There are 2 protein chains.
Amino acid sequence: MKYSKATNYALHTMLNLALSKSSKPIGVQTLAEKLNVSPTYLSKILTKLVKEGMVSSVSGANGGYSLTRGWESISFLDIIFAIEGKSSLFECGLDHGPQCQIQKVMLKSEKKMEEELRRQTLADLAKTSE
Amino acid sequence: MKYSKATNYALHTMLNLALSKSSKPIGVQTLAEKLNVSPTYLSKILTKLVKEGMVSSVSGANGGYSLTRGWESISFLDIIFAIEGKSSLFECGLDHGPQCQIQKVMLKSEKKMEEELRRQTLADLAKTSE
DNA sequence: TCTATTAAAGACTATAAGACTCTCTAATAT
DNA sequence: ATATTAGAGAGTCTTATAGTCTTTAATAGA
Ligand code: SF4
Ligand code: SF4
């Protein structure tokens, strides 16, 4: 069980966008170079972020990507969910009701991690990384 | 990012072993039937648990698997680590030193989950599941 | 000592998910 | 119009998971 590389790229890209003071959008070409990853691949990741409303994009010349207003409060969890999906890490396929302790424990521990990831915002990250 | 099925099987098998009052070891055949999984596959999972010292095995007629002494204090985390390995969920491959906030956050959140998983023992599970 | 039984090991196959690439279309600034 | 840039979709490559099959080692009991 590992985070996907896409999540890694997404986190770094969001940080790059947050650190860019420019008001101009940044092209995927530029962003991809910093991460040493192919532009077309990063493009798909960015599209997911756009669909979740954390990033806005503009096509055409001088187009590119930029963070949406309110970006400061975007959390690590938001970014991770955008890429990995929101479903639980543990799924047994069955449902043996409330007497099932296994799911209860697995779910609770997962929530603890999510809680922490929700607490960390992009603003925090940008502040300590600049 | 999902837990593997093997982890699921391991947790259920450990629970089954804990609930079995019999002092006789239980064969993989029997254990596999309960989970509806092939005996040879479950066997590999059990071997991992044996190697971690949580389960003891005896070959030959009337052989099988049983929990080792001290099983009550085995935690969910122990079982999960035995199957999934102990390495971090987030690995970027690089090391940009202490100013890297991304790793810091990811690692910390992971630890929160592990903390919770370490708190839950097999004894707790068996008690509330019998 | 022989045989049935059971775990362990290893090679192998199958399926699925992740990590891309390529090509084409749509939007937009100049 | 044209150049530039994002988006969408199909297709490929690689890796990890999931699982099978076969052989060997250990042990109980006849
Ligand atoms: S006991 Fe819980 S975890 Fe296990 S199969 Fe039933 S619902 Fe799933
Ligand atoms: S900044 Fe941190 S997470 Fe990103 S590549 Fe460097 S060490 Fe890894």
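Residue numbers start from 1 in every chain, and the chains themselves are labelled A, B, ... in the order their sequence lines are given, proteins ahead of strands. None of these values were measured; they are calculated from a predicted model.
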Subject >> Sugar-phosphate, base or nothing in reach of B/Val37, heavy atoms under 4.0 Å >> reply: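 Here B/Val37 touches no strand at all.
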**OP:** May I ask you to say what A/Lys51 touches in the nucleic acid, namely base, sugar-phosphate or nothing, with a heavy-atom cut-off under 4.0 Å?
**Re:**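 Contact class for A/Lys51: sugar-phosphate only.
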To the nearest Å, give me how far apart [atom1] ([X]) and [atom2] ([N]) are.
X	N	atom1	atom2	answer
A/Leu31	D/dT5	CG	P	12 Å
A/Met1	C/dA17	CE	P	16 Å
A/Ile45	C/dT21	CD1	P	11 Å
A/Glu52	D/dG7	CD	P	14 Å
B/Asn62	D/dA26	CG	P	18 Å
A/Glu91	C/dA17	CD	C1'	15 Å
A/Lys48	D/dA6	NZ	P	18 Å
B/Tyr41	D/dA16	OH	C1'	11 Å

Can you tell which of [options] lies closest to the side chain of [X]?
X	options	answer
B/Tyr65	D/dA28, C/dT21, C/dA8	C/dA8
A/Thr47	C/dT5, C/dA8, D/dG7	D/dG7
A/Thr40	C/dT5, D/dT20, C/dT21	C/dT21
A/Lys44	D/dA10, D/dT4, C/dA7	D/dA10

Original post:
If only atom types and distance count, is the side chain of A/Glu84 paired as donor or acceptor with the main-chain N or O of A/Ser4 below 3.5 Å?
Top reply: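 Side chain of A/Glu84 to backbone of A/Ser4, a donor-acceptor pair under 3.5 Å: yes, one is there.
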Within the pair [X] and [N], is there a side-chain N or O less than 4.0 Å away from OP1 or OP2?
X	N	result
B/Ser57	C/dT6	no
A/Ser38	C/dT21	yes
A/Ser59	C/dT28	no

Original post:
Cluster question for you: counting only ILVMFWY and a side-chain heavy-atom cut-off of under 4.5 Å, with indirect links fine, are A/Leu122 and A/Leu35 together?
Top reply: yes
**OP:** Check whether any side-chain heavy atom of B/Leu125 lies under 4.5 Å from a side-chain heavy atom of B/Phe76, and answer yes or no.
**Re:**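 Touching, per the 4.5 Å side-chain cut-off.
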Subject >> salt_bridge(A/Glu115, A/Lys112) N-O dist < 4.0 Å >> reply: no
Subject >> Residues in contact with DNA chain D, drawn from residues 2-14 of chain B - heavy-atom cutoff 4.0 Å >> reply: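 Nucleic-acid contacts, sorted: B/Ser4, B/Lys5, B/Ala6, B/Tyr9.
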**OP:** Measure the spacing between CZ of A/Arg118 and CZ of A/Phe81 and express it to the nearest 0.5 Å.
**Re:** 7.0 Å
Return all side-chain donor-acceptor pairs below 3.5 angstrom for residues 88-101 of chain B, not counting sequence neighbours, or 'none' if the list is empty.
unit_1, atom_1, unit_2, atom_2, d
B/Ser88, OG, B/Phe90, N, 3.2
B/Ser88, OG, B/Phe90, O, 3.1
B/Ser88, OG, B/Glu110, OE1, 3.0
B/Glu91, OE1, A/Lys2, NZ, 3.1
B/Asp95, OD1, B/Gly97, N, 2.9
B/Gln99, NE2, B/His96, O, 3.1

Original post:
Run the side chain to side chain donor-acceptor pair (under 3.5 Å) check on B/Asn16 and B/Thr13 step by step: do they pass?
Top reply: CA-CA 5 Å; B/Asn16 283 334; B/Thr13 299; 5.4 Å; no
